[in-house]
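Protein chains get the first letters and strands the later ones, always in sequence-line order, with residue 1 at the start of each.
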Amino acid sequence: MNNFFSPMRFGRLLRAHWAEKWREYAWFVAVLVMLDLIFMAIFFSSDRHTLLRQFQFVGQMQWYLTGLFFSGIIFAGRYFKYLLNPGASLVALMRPASAFEKWLMAFLVIGVFYPLAYTLLYMLLNYPAVQVAKAMAFQAGSCESCNYDFRVYFPLLTTQLAEVSSKDARMFMTGQVFFFVILSTAQAFIASGTAYFKRSPVLRTLLVLFLLFIISIWTETLPQLGIFALNFDEVQTYSTSEYALSLALWLGLPALLWAALYFHIKEREVA
Amino acid sequence: MIPRSLPKLGLWLFVLAVVWYFVGNSLLKQQKKELSSHEIDLHKSGQQFVVGSGDRLVIRKPDANFVARNIKLIFDPDISQVTVNNQSLGMSVRGDAADGVINITLERGVTPGDYSHNEVQILLPASVNKLEFSGVNSLDISGRLPTSTTELSLEMTDCVPQVNLQQLSVKRLKLVSTCQELKKDKCCTGSFNLGEQVQIGKLEVNMLYGSLDFSSEIKPQETLLMIGEEVVITGRRAFFETARFQGGAR
């Protein structure tokens, strides 16, 4: 059997993880649903302006991205929570699986399955809510010159903005892609920190983040988005080196942090 | 097993990620600044020139893929020729004069998008009495005109420009828009805005689509509004008391 990766062993690891964690994940989903329903109730009971702002296309997109970002980070921060419990930690670390398989599972669960599950949940709740909001908006009195946009937002697939040129649609897609890159970076950072620190992992990870923030202010380092910069006014042209630098920076950063997580997991096994 | 000689590889990778972030940002920032000072100097030296004289000024921006704002047209009775003074690196200005018509064309500059703090200033002699704009996103008109000046006509030939008048005194002002479509997004419709210090004897507006802002305390002696049904007007009561409406725009 391959010590690095075995599909059979990885499948068993995934099943064992699901059997152990599904209740916790179900609670996580329940909390998200409750929060979403509470906010929806607030939006529906608010004035017409809030209703229109929140449930039109751009409002849906902002709600989806904000929710995914914050819940995704919290989810990543909770993934290695079991390492705080000596018993659970020992069981998990001694599981018959390689460090790579454990890392791959963490990457898939945090970085792929969670965003997919969140998207599914969002669609289930958002679609009917948008239909209700649309009916309410038109029931309240039609406005001939008003330009409502109640199309249902679906991440990465809804590429066409209403009434805009192709350059805006391209920017719109670039912005979404960059969001997922940043989300992955943030998740890898939090997961790495919580896997590395043995005591108060979340607090210490946040402390490191704060220190990095202070360093970036001190060194006057503002994030340079390069080719990912959103500029709806202008069609920007970039040089090949700008493309290469931007891609290396913003794809290399999450890759390095995820790689760091692999070694953190490996080092925890050794320890 | 990880060799004992390579402890904390994860930590070092994390440090590398931090260094990667800071160095990458620095390199990208450097990339932006790489535009040679020679290119900038060349642009600046060619952007201060005298165009010529005439009575009609036409400003065009043929390229729709960049924004032209921060353009100031200033009437100066002491000059006899149209003069361009472009401080913006984001925009490049070309100009020529023929048969009494002064043509100004706005193009992308050496650093497109970098025009927020610098402006394009075009000084106009009192002989100019007709201004036409197309593709320009916003421009401000101000300055002094001799009292003998009787008429000034401003015409937008598409639905884009937002024209702001400040500090100007004319006997007769004509605002014309040939925009032929209703923009759903009202914020971006072509508009004429008249500021507090504008004094007009007779105001004439001919517009099918767009918006007019007369919310300052201007009170022309005579106002004729030939406007379409979709034109949005903002104004004080005193303004409308002297206003006459006449059918649709021609």
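Between the CG atom in A:Leu256 and the OH atom in B:Tyr21 there is a gap of 14.5 Å [rounded to 0.5 Å]. Note that the CH2 atom of A:Trp258 and the CG atom of B:Leu13 stand 14.5 Å from one another [nearest 0.5 Å]. Atom CG of B:Leu27 is separated from atom CD of A:Glu242 by 12.0 Å, given to the nearest 0.5 angstrom.
For A:Leu207, the side-chain contact (heavy atoms from CB on, under 4.5 Å) test picks out no residue, with sequence neighbours left out. For A:Phe197, there are no ring pair (Phe, Tyr, Trp, His ring centres under 6.0 Å) partners at least two apart in sequence or on another chain. Residues forming a side-chain contact (heavy atoms from CB on, under 4.5 Å) with A:Lys134 (at least two apart in sequence, or on another chain): A:Gln131, A:Phe138, A:Phe150.
Counting heavy-atom pairs closer than 4.5 Å to chain A, the top-ranked of the candidates B:Val23, B:Asn137, B:Leu11, B:Leu16 is B:Leu11.
Listed by sequence position, the residues of residues 77-84 of chain A in contact with chain B number zero, using a 4.5 angstrom heavy-atom cutoff.
Residues A:Leu257 and B:Ala17 approach most closely at CD2-CB, 3.8 Å, considering heavy atoms. A pairwise comparison of heavy atoms in A:Leu222 and B:Asn25 identifies O-OD1, 3.3 Å as the closest pair. Between A:Glu220 and B:Lys29, the shortest heavy-atom distance links the atoms O-NZ, 3.5 Å.
Neither the backbone nor the side chain of A:Ala255 comes within contact range of chain B, judged by heavy atoms closer than 4.5 Å.
Within the 3.5 Å criterion, the main-chain N or O of B:Gly10 finds a donor-acceptor partner in the side chain of A:Glu267.
Ring geometry for A:Phe189 against B:Phe14 counts as tilted: the plane angle lies between 30° and 60°, on a 0 to 90° scale.
Here the side chains of B:Leu28 and A:Ser246 are in contact, with some heavy-atom distance below 4.5 Å. Side-chain contact check for B:Phe22 versus A:Ile215: some heavy-atom pair is nearer than 4.5 Å.
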